[in-house]
Protein chains: 2
Amino acid sequence: MTEAKALTKNQTLVLGALSGANGPLSAYDILDRLRPEGLRSPLQIYRALAPLVEQGRVHRLESLNSFVACAHDHTHGHHSHSPVVFAICETCGQVTEFSDEKVAQQLRGWAKDVGFKTGKTTLELRGTCRTCLAA
Amino acid sequence: MTEAKALTKNQTLVLGALSGANGPLSAYDILDRLRPEGLRSPLQIYRALAPLVEQGRVHRLESLNSFVACAHDHTHGHHSHSPVVFAICETCGQVTEFSDEKVAQQLRGWAKDVGFKTGKTTLELRGTCRTCLAA
DNA sequence: TCTCTCTATGTCATGTTATTACATCTGACA
DNA sequence: TGTCAGATGTAATAACATGACATAGAGAGA
Ligand SMILES: [Zn+2]
Ligand SMILES: [Zn+2]
Ligand SMILES: [Zn+2]
Ligand SMILES: [Zn+2]
């Protein structure tokens, strides 16, 4: 099990801002929310984000250039290494995070066949969530 | 079959630049390559890219903020709507494009189960290609 | 305690990616 | 010829991200 590392002051602020949001935030959105706490520059946000993303407490959504707090429990270590799928509702902004072992397996199979060594996998679905479809 | 639409002058230039490149190019990379042809502003590039992406002749790589020419034949219409997977070598920049019906099926299944209507799917693998692993 | 060093932080400047607003050109066609 | 739609040109600006350098604070060891 990976040890849950203590967070620095700025990391705590940034993670708090993301956890308190009801959807993804850009680094500049986060900055705006943390100005009252004394943060002033984008770099402070990006610096705090880097280790949070590294540890899996925060995920970067490539198709939005923004960030979300991980939906899983991180007090006892980070979640599995099955690539994570993000379903992003373009109407309400909600992000649903899940992982799918079949998809992971299939992609591993392709990689093995062609000799590709996979690092990070980005898998994002843009669309409309059930709630917004009903409305 | 979708009719292959004629390209405008700028679209032709941009698609040519992407086809001639051996990897993904950012809009500004494309602009630099097309300055000799008289293009001067980023907007000219973005405007040409939009319909090319729309038609599937060019793909946008979200994890790189850049663009590649589609690897498939577009003279007789565009390729299947199975979501496309991009494997991006971080060493040599090569992008391999493929589609995987099992993955597509699995994601459709998830979407059906939770009532999510999927629009665009982004699926990108970052890693190292066979050739670069061997080197 | 003193100082060395490592990490985190603060700030300014800059680089990179993308869009808004507005003017002009071109060709189809009534 | 006059009108209109689509394509193009240009300037300005917004949005996202990093480089370079200075400072502050905590802990190790003399
Ligand atoms: Zn997560
Ligand atoms: Zn929704
Ligand atoms: Zn393609
Ligand atoms: Zn390679």
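Proteins come first, then strands; the chains are lettered A, B, ... in the order of their sequence lines, and each starts at number 1. For clarity, every value in this text was computed on a predicted model and none was experimentally measured.
- Dashed line: the shortest gap from a side-chain N or O of A:R40 to OP1 or OP2 of C:dG10 is not under 4.0 Å.
- Checking the phosphate oxygens (OP1, OP2) of C:dA18, a side-chain nitrogen or oxygen of B:R60 falls inside 4.0 Å.
- As rounded to whole Å, 11 Å separates atom P of C:dG10 from atom CG of A:L34.
- Base engagement by B:R47 is indicated by at least one non-hydrogen atom pair under 4.0 Å involving a base atom.
- Each of B:Q44 and B:N65 was matched to the nucleotide of DNA chain D holding its nearest heavy atom; the match closer to the 5' end belongs to B:Q44.
- Using modelled atom types and a 3.5 Å distance limit, the side chains of A:E124 and A:S63 yield a donor-acceptor pair.
- Rounded to whole angstrom, the span from the CG atom of A:L13 across to the P atom of C:dT9 amounts to 9 Å.
- Comparing A:D29 and B:P42 against DNA chain D, the residue whose closest nucleotide sits nearer the 5' end is B:P42.
- Between C:dT7 and A:T8, no contact under 4.0 Å exists linking OP1 or OP2 to a side-chain N or O.
- With D:dA17, C:dT17, C:dT11 as the candidates, the nucleotide lying closest to the side chain of A:Y46 is D:dA17.
- Within the 4.0 Å cut-off from OP1 or OP2 of D:dA15, not a single side-chain nitrogen or oxygen of A:S26 is found.
- The CG-P distance, from A:L43 to C:dA8, rounds to 14 Å in whole Å.
- Regarding B:L49, its CG atom lies at a distance of 15 Å from the P atom of D:dA7, rounded to whole Å.
- Residue A:K120 qualifies as enclosed at atom NZ: its count of foreign heavy atoms under 6.0 Å is above 12.
- Between A:F67 and A:Y46, the ring planes lie perpendicular to each other; the angle is over 60°, past the 30° to 60° tilted range.
- Spacing between atom CG of B:L64 and atom P of C:dT17 amounts to 10 Å, rounded to whole angstrom units.
- The CG-P distance, from B:L31 to D:dT8, rounds to 15 Å in whole Å.
- Atom pair A:R35:CZ and C:dT11:P shows a separation of 12 Å (rounding to whole Å applied).
- For the pair A:Y28 and D:dC16, the ring geometry qualifies as stacking, because the centroid separation is below 5.5 Å while the planes lie within an angle under 30°.
- Within 6.0 Å of the CZ atom in A:R126, the count of heavy atoms belonging to other residues, nucleotides or ligands exceeds 12.
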Can you give each donor-acceptor pair under 3.5 Å made by side-chain atoms of residues 23-39 of chain A, sequence neighbours left out, with the distance rounded to 0.1 Å?
residue	atom	partner	partner atom	Å
A:S26	OG	A:Y28	N	3.3
A:S26	OG	A:D29	N	3.0
A:S26	OG	A:D29	OD1	3.4
A:S26	OG	A:D29	OD2	3.2
A:D29	OD2	A:S26	N	3.0
A:D32	OD1	A:R35	NE	3.3

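- B:I45 places its CD1 atom 14 Å from the P atom of C:dT19, with the value rounded to the nearest Å.
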